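Working notes for the structure below.
None of the values given here were measured: they were computed from a predicted structure.
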Amino acid sequence: MSAAAPDRPGEDALIARYFAPLAGEGADGLRDDAASLTPRPGHDLVLTADAIVAGVHYFPEDPPESVARKALGVNLSDLAAKGAAPRAYLLSLGLAPDWTEAWLAGFSAGLAEAASAFGCPLLGGDTVRAAGPAFINVTALGELPSGSMVRRQGARVGDRVCVSGTIGDAALGLALRLAPAGAALARLEPEARAVLLDRYLHPRPRLALAPLLRRYASAAMDVSDGLAGDLAKMMGGGRRAEIREADVPLSPAARLAVAADPALLDTALTGGDDYEILCTVPPGAEAAFRAEAAAAGVPVAVIGVVGAGEGPPLFTTEEGVSRNLRAGSFSHF
């Protein structure tokens with residue numbers, strides 16, 4: 001990092017003040033250029049990295065505590081989908097030219113709270129000055145029994161398609177942020193709007209499902225870029241998802257929004273930022289999977305089946321009308 005402004009700490013002081021207290025075993029208090037991490041005997045490490053950028057993945061005015069929770073949460077969601085438990089993370093932080101200590105204090109406090117809740121300490125990273133918007137890149141490291149990682153492409157024809165939690169809340173929350181005076185969303189009660197806005201701000205990685213996915217799932221990924229688009233990524237190779245729209249779980253807030261404007265159902269099915277687990281399980285295993293998931297505190301719904309064929313997911317309405325949702329995945333480019 002270049003020379004600090006007079007009223008800001010330099011890089012070493014910044015790290016010592018805000019991030020060294022978050023360091024875990026093997027990090028040497030963030031005093032070195034690298035850290036060490038040894039997997040337990042008989043276990044593999046699983047690694048994933050996701051970046052979030054101000055103005056793209058979060059609003060610059062979002063609370064820094066929320067930004068921190070999102071930065072870590074979206075990565076731990078990927079670990080959960082692979083069947084891994086979190087071990088540690090690395091953080092690369094690019095601060096915009098107008099950063100303040102108050103923002104950084106809130107950000108590090110949010111990181112500390114999330115890392116403690118998820119059992120995932122900081123091992124290291126980098127802090128730089130960004131030429132443009134702020135960015136946060138997290139590399140998360142997880143662990144699971146050797147050879148047990150659940151891949152994205154393992155679905156078989158006849159498998160049941162399942163999803164955790166509820167779908168579409170975050171996409172509707174984003175729509176509310178972008179157009180708060182939008183007719184249907186503006187008519188929602190404040191409590192319903194608050195639910196949608198919170199789901200956009202605060203992903204909930206479904207770590208409790210990780211061991212169950214290793215036991216039951218033939219394929220899994222998290223829903224980050226929209227249910228329809230992520231289903232398309234999971235299929236292919238002679239497999240096509242056949243989804244019953246009525247079985248896709250919606251929260252009470254999302255149902256109110258769709259009742260006010262039925263077109264918002266497509267927003268829910270194609271919008272991103274759900275960070276729920278999308279998986280397939282063999283026929284006959286879905287009841288046991290759902291029961292164990294419920295016991296772990298995570299609701300799971302069976303929303304369709306893996307069929308033979310090619311093409312985007314086929315969504316069938318309650319009236320029996322089948323339709324493709326082609327514009328179904330967020331893309332940066």
Rounded distance (nearest 0.5 Å) linking atom CD1 of Ile167 with atom CG of Leu172: 11.0 Å
Shortest non-hydrogen contact from Asp274 toward Gly168: OD1-N, 2.8 Å
Where the side chain of Asn75 meets the backbone of Ala71, is there a donor-acceptor pair that is under 3.5 Å apart? yes
Walk me through whether Thr139 and Thr48 qualify under side-chain contact (heavy atoms from CB on, under 4.5 Å). CA-CA 6 Å; Thr139 298; Thr48 185; over 6 Å; no
Can you tell if the side chain of Phe107 reaches within under 4.5 Å of the side chain of Trp99, non-hydrogen atoms only? no
Report the C-alpha distance between Val302 and Val161 in whole Å, list the side-chain angles of each, state the deciding distance to 0.1 Å, and finish with yes or no for side-chain contact (heavy atoms from CB on, under 4.5 Å). CA-CA 6 Å; Val302 180; Val161 180; over 6 Å; no
Counting distance only, does the side-chain N/O of Ser116 pair as donor-acceptor with the main-chain N or O of Glu113 below 3.5 Å? no
Should Val46 and Leu141 count as side-chain neighbours, where that means a heavy-atom distance under 4.5 Å? no
Is it the case that atom CZ in Arg215 sees more than 12 heavy atoms from other parts of the structure closer than 6.0 Å? yes
Leu14, Leu111: one ILVMFWY side-chain cluster at the under-4.5 Å cut-off? yes
Please evaluate residues Arg177 and Asp62 with respect to the criterion side-chain contact (heavy atoms from CB on, under 4.5 Å), reporting the C-alpha separation (whole Å), side-chain torsions for both, the decisive distance (0.1 Å), and the verdict. CA-CA 11 Å; Arg177 290 286 297 272; Asp62 284 345; 2.7 Å; yes
Would you mind checking if Arg199 and Glu276 are paired as a salt bridge, meaning a charged N to carboxylate O distance below 4.0 Å? yes
Ion pair present between Arg240 and Glu310, side-chain N to carboxylate O less than 4.0 angstrom? no
CG of Asp169 to CG of Asp198: how many Å apart, nearest 0.5 Å? 9.5 Å
Atom pair CZ (Phe118) and CG (Leu207), whose distance is rounded to the nearest 0.5 Å: 6.5 Å
Side-chain touch Cys120/Arg87, heavy atoms, less than 4.5 angstrom: no
So, does Asp247 use its side chain to make a donor-acceptor pair with the main chain of Arg244 at under 3.5 Å? no
Mind checking whether Phe59 and Leu174 have side chains closer than 4.5 Å, heavy atoms only? yes
Path from Leu37 to Leu30 over hydrophobic side-chain contacts below 4.5 Å: no
Starting from the C-alpha separation in whole Å, work towards a yes-or-no answer on side-chain contact (heavy atoms from CB on, under 4.5 Å) for Arg156 and Asp159. CA-CA 6 Å; Arg156 296 178 289 268; Asp159 282 355; 3.8 Å; yes
Answer yes or no: is there a side-chain heavy-atom contact under 4.5 Å between Leu47 and Leu79? no
State yes or no: do Tyr18 and Tyr89 share one hydrophobic cluster built from I, L, V, M, F, W and Y residues joined by side-chain heavy-atom distances below 4.5 Å, directly or via other members? yes
All heavy atoms of Leu122 vs all of Phe19, minimum pair found to be CD2-O, 3.7 Å
Taking atom CD of Gln153 as the centre, does the number of heavy atoms from other residues, nucleotides or ligands within less than 6.0 Å exceed 12? yes
Can you check whether Arg40's main-chain N or O pairs, donor with acceptor, with Glu143's side chain at less than 3.5 Å? yes
Count the heavy atoms of every other residue, nucleotide or ligand shown that sit under 6.0 Å from CD of Glu318, and state whether that count exceeds 12. no
Expected output: side-chain His43 to main-chain Pro39 donor-acceptor under 3.5 Å: no
Is the backbone of Gly236 close enough, under 3.5 Å, to the side chain of Arg239 for a donor and an acceptor to pair up by distance? yes
Got a donor-acceptor contact below 3.5 angstrom from the Asn137 side chain to the Leu91 backbone? no
Does the pair Arg206/Asp222 count as a salt bridge with the N-to-O cut at 4.0 Å? no
Around atom CG of Asp126, are there more than 12 heavy atoms of other residues, nucleotides or ligands at under 6.0 Å? yes
Check: Tyr58 and Leu201 side chains under 4.5 Å, non-hydrogen atoms: no
Atom pair OG/NZ of Ser77 and Lys82 - distance to nearest 0.5 Å: 10.5 Å
Greater than 12 external heavy atoms within 6.0 Å of Glu189's CD: no
Look at the side chain of Ser146 and the backbone N and O of Gly42, then say whether any donor-acceptor pair between them is shorter than 3.5 Å. yes
Rounded to the nearest 0.5 angstrom, the CD-SG distance for Glu286 and Cys279 is 11.0 Å
Apply the test side chain to side chain donor-acceptor pair (under 3.5 Å) to residues Thr316 and Arg323: give CA-CA distance (whole Å), side-chain angles for both, the deciding distance (0.1 Å), then the verdict. CA-CA 6 Å; Thr316 303; Arg323 61 198 188 105; over 6 Å; no
Between Ala20 and Ala16, the two heavy atoms sitting closest are CB-O, 3.7 Å
Let me check something: do Leu278 and Leu209 share a hydrophobic cluster, defined by ILVMFWY side-chain heavy atoms less than 4.5 Å apart, either directly or through other members? no
Short side-chain to backbone donor-acceptor contact, Thr270 and Asp266, under 3.5 Å: yes
Are the side chains of Leu185 and Arg193 in contact, using a 4.5 Å heavy-atom criterion? no
Are the side chains of Cys162 and Ile303 in contact, using a 4.5 Å heavy-atom criterion? no
Nearest 0.5 angstrom please: His57 NE2 to Lys70 NZ, how far? 8.5 Å
Determine whether a donor-acceptor pair (N or O, by modelled atom type, separation under 3.5 Å) exists between the side chain of Arg151 and the backbone of Met149. no
